[in-house]
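Only heavy atoms go into these numbers, but all of them, side chains included; no hydrogens, no water, no symmetry mates.
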Amino acid sequence: MVRTLAVAQIFSALGSGSTLALGSILAVELSGSEVWAGTVNTAMTLGTAVTAMPLAGLAVRRGRRWALLTGLAAATVGTLLMVTATVVQAFAVLLAGAFLVGLAFAANL
């Protein structure tokens, strides 16, 4: 169980860190303006803030594994949305994906 949690934490940190680094670049590219550079990081922060307490409650009720699974599954969907956003050039989809990626941060709290 400890190994599973450790591996989940490692992959979560790698994915979240790379999203932070590339988020601003993608936001500028898809929005067409540098004004929107911080919106991906803001969406991720909002995703974390909105879901931290519900995920904590899930961890208390069902265990940390379920909270990690839920948060990281949502973050995986968010990552797929962000990739889709770059392919179809959709800024709003990028932000929705970033919000879901924020669940990875919440799951790690």
Side-chain angles (χ1 to χ4, degrees):
M1 180 158 131
V2 172
R3 183 172 52 203
T4 302
L5 290 174
V7 170
Q9 294 284 54
I10 289 168
F11 282 111
S12 174
L14 287 172
S16 299
S18 63
T19 304
L20 284 172
L22 295 174
S24 295
I25 296 168
L26 288 173
V28 170
E29 183 72 26
L30 295 180
S31 71
S33 173
E34 292 180 3
V35 172
W36 298 100
T39 56
V40 171
N41 292 342
T42 300
M44 286 192 298
T45 301
L46 286 173
T48 302
V50 169
T51 61
M53 293 302 287
L55 284 175
L58 180 62
V60 168
R61 287 188 310 277
R62 306 263 331 253
R64 180 129 169 90
R65 182 181 295 184
W66 283 103
L68 278 172
L69 177 65
T70 302
L72 297 180
T76 300
V77 172
T79 301
L80 293 173
L81 281 176
M82 291 180 79
V83 169
T84 301
T86 60
V87 172
V88 300
Q89 299 290 298
F91 182 62
V93 176
L94 178 73
L95 295 180
F99 182 89
L100 290 175
V101 169
L103 273 73
F105 289 114
N108 286 324
L109 294 176

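Phe99 and Leu30 fall into different hydrophobic clusters, where Ile, Leu, Val, Met, Phe, Trp and Tyr side chains are chained together by heavy-atom contacts under 4.5 Å. Cluster membership check: Leu26 does not share its hydrophobic cluster with Val28, using side-chain heavy-atom separations under 4.5 Å among Ile, Leu, Val, Met, Phe, Trp and Tyr.
Here CG of Leu95 is found 11.5 Å from CG of Leu100. Values are rounded to the nearest 0.5 Å. Between the CD atom in Glu29 and the OG atom in Ser24 there is a gap of 13.0 Å [rounded to 0.5 Å].
For Ala67 against Ala107, the heavy-atom pair with the smallest separation is O-CB, 3.9 Å. In this structure, Ala74 and Leu103 approach most closely via the heavy-atom pair CB-CD2, 3.3 Å.
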Stepwise, does the side chain to side chain contact (heavy atoms under 4.5 Å, CB included) test hold for Val40 with Met82?
CA-CA 10 Å; Val40 171; Met82 291 180 79; 4.0 Å; yes
Distance-only check: which donor-acceptor pairs under 3.5 Å involve side-chain atoms of residues 43-58, not counting sequence neighbours?
| from | atom 1 | to | atom 2 | distance (Å) |
| --- | --- | --- | --- | --- |
| Thr45 | OG1 | Asn41 | O | 2.9 |
| Thr48 | OG1 | Met44 | O | 3.0 |
| Thr48 | OG1 | Gly102 | O | 2.8 |
| Thr51 | OG1 | Gly47 | O | 2.5 |

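Every residue two or more places apart in sequence or in another chain that forms a side-chain contact (heavy atoms from CB on, under 4.5 Å) with Val88 is listed here: Thr84, Ala90.
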